[in-house]
Amino acid sequence: MRTLRRGQVITGRVIEIADFGVTFVDIGGFAAVINVPELSWRRIDRPADVVAVGQEVTAEVLDVDVERGRVPLSLKALHADPLIDLQQQIGRMVTGPVTKVAPIGAFVRVEDGTKGAEGFVPGSELADRDVKPGDVLTVEIVRVDVTRRRIELALRTARA
């Protein structure tokens, strides 16, 4: 543990995924942890969506707390933040499925794949439309707030 340093890239094997969302990784006889927010830049429902017990992973050491015997790791630190790419695409039209409807608007997936980033279309944009999960909408990327992890969308046309 004393040989580890912040920022170091290490490889280990997932040995447990706890019910409370922490993933334990064996890094040479010592169990380091990966908290849910450090597994992926994208929203995930559970750690098993990203890692599996027995899987070898490469991660960055976030800290070394010798007193508490803790070494937090990050998988996402080794990958570019996808919102930075989306920030360069403000004004672009994208088509994606509605993933969730809330009283104040709807969430639309703006990247390919089931785990792609989701943006928010305010209810004022939807007017009297009856939008439901699974509907496909064409939206414009209006704003990307990397710090708050939010993508604002505007409805342009819709397809059912």
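Along the sequence shown, the residues carry numbers beginning at 1.
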ask   = Do P47 and V36 have side-chain heavy atoms sitting under 4.5 Å apart?
value = yes
Taking every heavy atom of A18 against every heavy atom of F24, the minimum-distance pair comes out as CB-CE1, 3.9 Å
One should read off an interatomic distance between R109 CZ and T95 OG1, to the nearest 0.5 angstrom, of 13.5 Å
With sequence neighbours left out, the residues meeting side chain to side chain contact (heavy atoms under 4.5 Å, CB included) with P82 are W41, R42, E111
**OP:** Determine whether V110 and V146 fall in the same hydrophobic cluster, where Ile, Leu, Val, Met, Phe, Trp and Tyr are linked whenever their side-chain heavy atoms lie under 4.5 Å apart.
**Re:** yes
Do V51 and L75 come within less than 4.5 Å of each other through their side chains, counting heavy atoms only?
yes
One should read off an interatomic distance between M93 CE and E140 CD, to the nearest 0.5 angstrom, of 6.0 Å
- Task: Test side-chain contact (heavy atoms from CB on, under 4.5 Å) on T11 and V57 and set out the steps.
- Result: CA-CA 6 Å; T11 300; V57 295; over 6 Å; no
Interatomic distance, CG@L86 vs CG@D145, rounded to 0.5 Å, equals 12.5 Å
Tightest non-hydrogen contact, residues F30 and V71, listed as CE2-CG2, 3.4 Å
Output for pair (I151 CD1, L83 CG), nearest 0.5 Å, gives 5.0 Å
Review point. Is I90 linked to L153 within one hydrophobic cluster, defined over Ile, Leu, Val, Met, Phe, Trp and Tyr using a side-chain heavy-atom separation of less than 4.5 Å?
Key: yes
Note: L39 and V50 closest approach over all heavy atoms is O-CG1, 3.9 Å
Begin from the C-alpha positions of V121 and F107 and carry the test side-chain contact (heavy atoms from CB on, under 4.5 Å) through to its verdict. CA-CA 6 Å; V121 180; F107 292 88; over 6 Å; no
> Mind checking whether L155 and V94 sit in one hydrophobic cluster, side chains of I, L, V, M, F, W, Y counted as touching below 4.5 Å?
Replying inline: yes
Q) So, the side chain of E125 versus the backbone of P122: is there a donor-acceptor pair under 3.5 Å, distance only? A) no
Does this structure show an ion pair linking R6 with D63, if we count only N-O contacts that are shorter than 4.0 Å?
yes
Output for pair (I27 CD1, R13 CZ), nearest 0.5 Å, gives 14.0 Å
Next on the checklist: Could you tell me if E118 and T99 have a donor-acceptor pair between their side chains, going purely by distance under 3.5 Å?
Outcome noted: yes
Worksheet item: According to a 4.5 Å side-chain heavy-atom criterion applied to Ile, Leu, Val, Met, Phe, Trp and Tyr, with indirect links allowed, do I10 and L62 form part of one hydrophobic cluster?
Response: no
State yes or no: do L73 and V66 share one hydrophobic cluster built from I, L, V, M, F, W and Y residues joined by side-chain heavy-atom distances below 4.5 Å, directly or via other members?
yes
Between G96 and V108 the two heavy atoms that sit nearest each other are O-CG1, 3.5 Å
Interatomic distance, CD@E38 vs CD@E60, rounded to 0.5 Å, equals 9.0 Å
Taking every heavy atom of I17 against every heavy atom of A52, the minimum-distance pair comes out as CD1-CA, 4.3 Å
| task | For side-chain contact (heavy atoms from CB on, under 4.5 Å), just list the numbers for V53 and I15, CA-CA rounded to whole Å, side-chain angles, deciding distance to a tenth of an Å, and then say yes or no. | result | CA-CA 5 Å; V53 172; I15 54 174; 5.8 Å; no
Taken in chain and number order and not counting sequence neighbours, the residues that satisfy side chain to side chain contact (heavy atoms under 4.5 Å, CB included) with N35 are V22, P37, R70
A quick test of your reading: do over 12 heavy atoms of other residues, nucleotides or ligands sit less than 6.0 Å from CZ of R149? yes
